[in-house]
Amino acid sequence: MSNSADFEQSPEITEQTEIIPIVDLEPPHVFPPPPSAKDELGPIPEHTNMNDSTFPSSLCGIMLVILGVFSLLLLALCGFFCYQYFQSVQALENKMKNLNQWVESFQNKAENFLQVQKELDEIKETLDRLQRQNEHLIEALQELNAKQGDQCGPSLPHWEKFGDYYYHQSTEMVSWSNCSDVCASFNATFLTTTRNRLMNITMLPSVSRAWLGLSYSKADNRWEWEDGSSPSFDLSLPTPSLDFQGKCVYVNAHTIGTDNCTKSSSCMCEKPVH
């Protein structure tokens, strides 16, 4: 019975019951409120001057300009010094090139000088050798003349023998035209000789300015011997011309020369060996 009664009363209870929605029992996250604009900027000081904020920016701009100017000056100085450096290097290279050329030229001249010096030394040695040979030859001739002097006769002690002829230089000083008579007094003739015999005469160490039998002929415009024949060899005489009228030839040591025939001089005489 009780059950039925309870069953009958249940509608009432149902009408009085409120439906409570099921909600999440976890508490919601709590987010802090966003800061206000005033909080972001912070409090503004009461005595702050707004013009002070522009001063650092102006100072920075001036510093940048100064740094730019100094940079340009530094670049200009670097460029100037680089230009001077390259100019100096180029000038130094030119000087080195000129110095090398001078050194090379000096070396070439030194080599040429050494070559010339070597040649001069060789020439000097040759001359010394020839001089020694000439001295030996003169000594040999003097010894030979001393041995053969008696063959020319006691009255002619100063005759010298070369080959097949004796030669004598007179001590009497006469003009050229008188030499024939002087030589005849020695039983000899005025020297009229060939090349080989004349070479012997020029080698005589005692010969000093003696007339030869050779003079200028105006009629034939030539140099000719006393017997009328012309020289058959070169005596290094000047070219015949009327300017040599009255000129005669003399021998002096190792040279041949011309002078006025009227001048007094010794005579060169010759005679064959018997």
Side-chain angles (χ1 to χ4, degrees), residues 35 37-140 195 198-199 202-203 205 207-209 223 231 233-244 247 249-259:
K38 293 181 178 181
D39 294 337
E40 291 179 356
L41 296 176
I44 300 174
E46 294 180 357
H47 299 286
T48 302
N49 187 359
M50 298 302 293
N51 293 329
D52 292 342
S53 62
T54 61
F55 177 74
S57 61
S58 300
L59 182 59
C60 291
I62 294 173
M63 292 298 294
L64 290 175
V65 171
I66 293 174
L67 289 175
V69 172
F70 275 108
S71 299
L72 291 176
L73 290 175
L74 184 60
L75 288 174
L77 288 174
C78 290
F80 174 76
F81 285 119
C82 289
Y83 174 76
Q84 292 294 328
Y85 172 77
F86 286 115
Q87 287 290 104
S88 300
V89 170
Q90 186 175 4
L92 182 60
E93 289 179 352
N94 292 333
K95 290 182 180 180
M96 290 297 296
K97 183 179 180 180
N98 294 333
L99 180 61
N100 291 332
Q101 292 178 352
W102 183 83
V103 170
E104 184 178 358
S105 176
F106 178 79
Q107 290 177 348
N108 293 333
K109 290 181 180 180
E111 292 177 357
N112 293 334
F113 175 78
L114 293 175
Q115 183 65 26
V116 172
Q117 184 68 31
K118 183 179 179 181
E119 294 177 356
L120 289 176
D121 292 339
E122 293 177 354
I123 293 174
K124 183 178 179 181
E125 292 178 358
T126 303
L127 290 176
D128 292 339
R129 185 174 64 255
L130 292 176
Q131 184 175 2
R132 289 192 298 269
Q133 292 177 355
N134 188 35
E135 291 175 356
H136 293 323
L137 180 61
I138 292 175
E139 291 177 359
R195 179 179 179 82
L198 184 60
M199 291 298 295
T202 56
M203 292 176 61
V207 174
S208 59
R209 190 176 176 84
W223 298 102
F233 51 89
D234 183 18
L235 296 178
S236 299
L237 294 172
T239 303
S241 66
L242 293 178
D243 296 334
F244 294 100
K247 299 288 184 180
V249 179
Y250 65 87
V251 60
N252 186 15
H254 303 293
T255 61
I256 301 293
T258 62
D259 204 347

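Everything numeric here is computed off the predicted structure, so don't read it as measured data.
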query = What residues, two or more places apart in sequence or in another chain, satisfy side chain to side chain contact (heavy atoms under 4.5 Å, CB included) together with Ser105?
reply = Lys109
note = Smallest heavy-atom separation, Asp259 atom then Tyr250 atom, equals CB-CE2, 3.9 Å
Acceptor/donor pairs from residues 92-103 side chains to any protein atom, 3.5 angstrom cut, sequence neighbours excluded:
{"from": "Asn94", "atom 1": "ND2", "to": "Gln90", "atom 2": "O", "distance (Å)": "3.2"}
{"from": "Asn98", "atom 1": "ND2", "to": "Asn94", "atom 2": "O", "distance (Å)": "3.2"}
{"from": "Asn100", "atom 1": "ND2", "to": "Met96", "atom 2": "O", "distance (Å)": "3.1"}

message = Applying side chain to side chain contact (heavy atoms under 4.5 Å, CB included), can you list everything that pairs with Val65, at least two apart in sequence or on another chain?
response = Val69
remark   = Distance col, row Leu127:CG vs Leu120:CG, nearest 0.5 angstrom, shows 10.5 Å
ask   = Which residues satisfy the side chain to side chain contact (heavy atoms under 4.5 Å, CB included) test with Ile66, sequence neighbours excluded?
value = Ile62, Phe70
query = For Trp223 and Pro238, which heavy atoms make the closest approach, and how far apart are they?
reply = NE1-O, 3.0 Å
remark   = Hits for ring pair (Phe, Tyr, Trp, His ring centres under 6.0 Å) against Tyr83, two or more places apart or cross-chain, chain-then-number order -> none
message = Among residues at least two apart in sequence or on other chains, which ones pass side chain to side chain donor-acceptor pair (under 3.5 Å) with Asp121?
response = Gln117
message = For the CG atom of Asp128 and the CD1 atom of Ile123, what is their distance to the nearest 0.5 Å?
response = 12.0 Å
query = In chain order, what residues pass the side chain to side chain contact (heavy atoms under 4.5 Å, CB included) check against Asn108, with sequence neighbours excluded?
reply = Glu104, Glu111
